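Heads up: numbering here begins at 1 and tracks the sequence. Not measured: the values here are computed from a predicted model.
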Amino acid sequence: MADVNIHSLKALAIFKTLFEAGTASQAARTLGITQSGVSRSLAQLEENLGIQLFLREKNRLVATPEARELYDEILRLMGNIEELRHSVLALKEFGTSRLRIAAVPGLSFGFVPRLVAALLKENRQFSVSLDMMSSHEVQLAVESSHADIGFVTLPITSRVLRVEPWFTTEAVCLVPHGHALAARERVDVEDLRDQHLVISNQPSISTNPLLELTSQHRVQIAGKTEANIGTITALVANHVGITVINPITAQDQLAPSDGVVIRPFSPSMTFSFGLVYRDNWKQARVLDFLRERGRALVGGYGAEYQGR
């Protein structure tokens, strides 16, 4: 049986150089050793592995099929070592080399992806997974360790998780360009009378807050279209109806060509978001990084909205 030790690892490095160089003399010059040293190392490696790696033909070395396969294995090994090096760097910098994130749809179209991009900009070999699910499902995923951290809609209650409030936004009204309400500086709940609303059909423990608000103010709507949150802005852009939505979600999905107008909405409807994680993650340095970048992102959304 082949014995792989520190000496055979050195011999494998010499073999790799020899395979690439094609001649013992060139390999010796590349490695800065003698040609006889290269030949001796090759002979010892072939004896140790029990296979012939090169055929000797008139002062020429011809690689065998076994040599090609061994070379490919060495390249894979080197790739794994490089991946391990990056993982160690990530561990040193962030306290972990992988991060499994679960996030509510309202933050999954731009906000959380931007955080992931910032993290990978620091270390491209950092391993990240991102799943979009309802707030309740995010909570369950983090509690069961299927996710490391989660972005949720607040409030939530958990005996297992640390709940860290991040920010609160005020809902805005999205109106298609050319709609009568697009001329208003602010849209009031009374303005929703006889309007067709586009609302989220995402599962929620509570009822839809916009429908609750119209009911409280006795505002009769013309009808409603329930849709996945990822299609709401497109439905508004296509004149299906109007909606009241979290401004971060709206800005992440809208493009200038969509022809949708964003207006403040009253009375105030707030959306609060937070980060949840298990107690063993409280000292993870990656959380400090995400907090810092998250604050900067929220500020950018505010400036973008004011610009509109």
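Taken to the nearest 0.5 Å, the OG1 atom of T249 stands 10.5 Å off from the CG atom of L254. Atoms CD1 and CZ, on I14 and R40 in that order, are 9.0 Å from each other to the nearest 0.5 Å. Taking CG of L99 as the start and CZ of F289 as the end, the distance is 11.0 Å to the nearest 0.5 Å. In this structure, the separation between CG on L31 and NZ on K16 is 9.5 Å, given to the nearest 0.5 Å. Of the inter-residue distances, the one linking F167 atom CZ with T270 atom OG1 reads 12.5 Å to the nearest 0.5 angstrom. The NZ atom of K10 lies 11.5 Å from the CD atom of Q44; values are rounded to the nearest 0.5 Å.
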Would you sort out whether R193 and T214 count as a side chain to side chain contact (heavy atoms under 4.5 Å, CB included), showing the intermediate values?
-> CA-CA 8 Å; R193 191 178 303 277; T214 56; over 6 Å; no
Take W166 and V298, measure what side chain to side chain contact (heavy atoms under 4.5 Å, CB included) needs, and give me the verdict at the end.
-> CA-CA 9 Å; W166 267 36; V298 172; 5.8 Å; no
Does the side chain to side chain contact (heavy atoms under 4.5 Å, CB included) test come out yes or no for R278 and L161, once each step is laid out?
-> CA-CA 5 Å; R278 298 181 303 282; L161 303 180; 3.8 Å; yes
Audit row: L213, F265, side chain to side chain contact (heavy atoms under 4.5 Å, CB included) steps and yes/no = CA-CA 12 Å; L213 186 64; F265 181 78; 3.6 Å; yes
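The shortest distance between side-chain heavy atoms of T233 and V260 does not fall below 4.5 Å. Counting heavy atoms from C-beta outward, I156 and S135 have side chains that approach closer than 4.5 Å. The closest side-chain heavy-atom distance from V236 to I242 is not below 4.5 Å. A 4.5 Å side-chain heavy-atom check between F273 and L154 finds every atom pair outside the cut-off. Looking only at side-chain heavy atoms (C-beta outward), S158 and V276 stay at 4.5 Å or farther from each other. Taking 4.5 Å as the limit, some side-chain heavy atom of L290 sits within range of a side-chain heavy atom of I149. A heavy-atom distance below 4.5 Å is found between the side chains of D252 and R114. Contact of the P247 side chain with the I262 side chain is not registered, since no non-hydrogen atoms from C-beta on lie closer than 4.5 Å.
Partners of H146 under the side-chain hydrogen bond (donor to acceptor under 3.5 Å, both in side chains) rule, at least two apart in sequence or in another chain, are S144. Not a single ring-ring contact (aromatic ring centres under 6.0 Å, His included) links F109 to another residue, sequence neighbours left out.
Remark: the backbone N or O of V240 is not paired with any side-chain donor or acceptor of N238 at under 3.5 angstrom. Within the 3.5 Å criterion, the main-chain N or O of A222 finds no donor-acceptor partner in the side chain of D194. The main-chain N or O of T169 is never found under 3.5 Å from a side-chain atom of N246 such that the two would form a donor-acceptor pair. Counting only distance, with no hydrogens or angles, the side chain of Q139 and the backbone of T157 share a donor-acceptor pair below 3.5 Å. Of the possible donor and acceptor atoms, none in the side chain of R100 sits under 3.5 Å from a partner among the backbone N and O of D131. Put simply, the side chain of H179 gets close to the backbone of L181: a donor and an acceptor are under 3.5 Å apart. Remark: side-chain polar atoms of T23 are paired, donor with acceptor, to backbone N or O of Q26 under 3.5 angstrom.
The aromatic rings of F19 and F15 are tilted relative to each other, their planes meeting at an angle between 30° and 60°.
The environment of NE2 in H239 is crowded: more than 12 heavy-atom neighbours from other residues, nucleotides or ligands sit within 6.0 Å. By the 6.0 Å contact criterion, CD on E69 is open, its count of non-hydrogen atoms from other residues, nucleotides or ligands being 12 or less.
L297 and I101 fall within a single hydrophobic cluster, where Ile, Leu, Val, Met, Phe, Trp and Tyr side chains are chained together by heavy-atom contacts under 4.5 Å. No continuous path of ILVMFWY side-chain contacts below 4.5 Å connects W281 to L140, so the two sit in separate hydrophobic clusters. Grouping the Ile, Leu, Val, Met, Phe, Trp and Tyr side chains by contacts below 4.5 angstrom, directly or via other members, places L53 apart from L55. There is a path of hydrophobic side-chain contacts, each under 4.5 Å, that joins V160 to M133. In the hydrophobic clustering of this structure, F54 does not group with V62; members are Ile, Leu, Val, Met, Phe, Trp, Tyr whose side-chain heavy atoms approach within less than 4.5 Å, directly or through other members.
Here the closest non-hydrogen pair linking A250 and I245 is CB-CG2, 3.8 Å. Summarising the geometry of A27 relative to L18, their closest heavy-atom pair is CB-CA, 3.8 Å, with the distance given to 0.1 Å. The two residues L210 and L197 have their closest heavy-atom pair at CD2-CD1, 3.9 Å. Taking both residues in full, the closest heavy atoms of R162 and D279 are given as NE-OD1, 2.7 Å, listed atom of the first, atom of the second, then distance. Between P176 and G241, the closest heavy-atom pair is CD-O, 3.8 Å. Nearest heavy-atom pair across Q35 and S25 is OE1-CB, 3.5 Å.
Of the candidates V172, V187, V244, L174, R263 forms a side chain to side chain contact (heavy atoms under 4.5 Å, CB included) with just one, namely V187.
The pair D288-R291 meets the salt-bridge criterion, with a side-chain N (NZ, NE, NH1 or NH2) lying under 4.0 Å from an Asp/Glu carboxylate O.
In the model, S134 has a side-chain atom that pairs as donor or acceptor with a side-chain atom of E137 under 3.5 Å.
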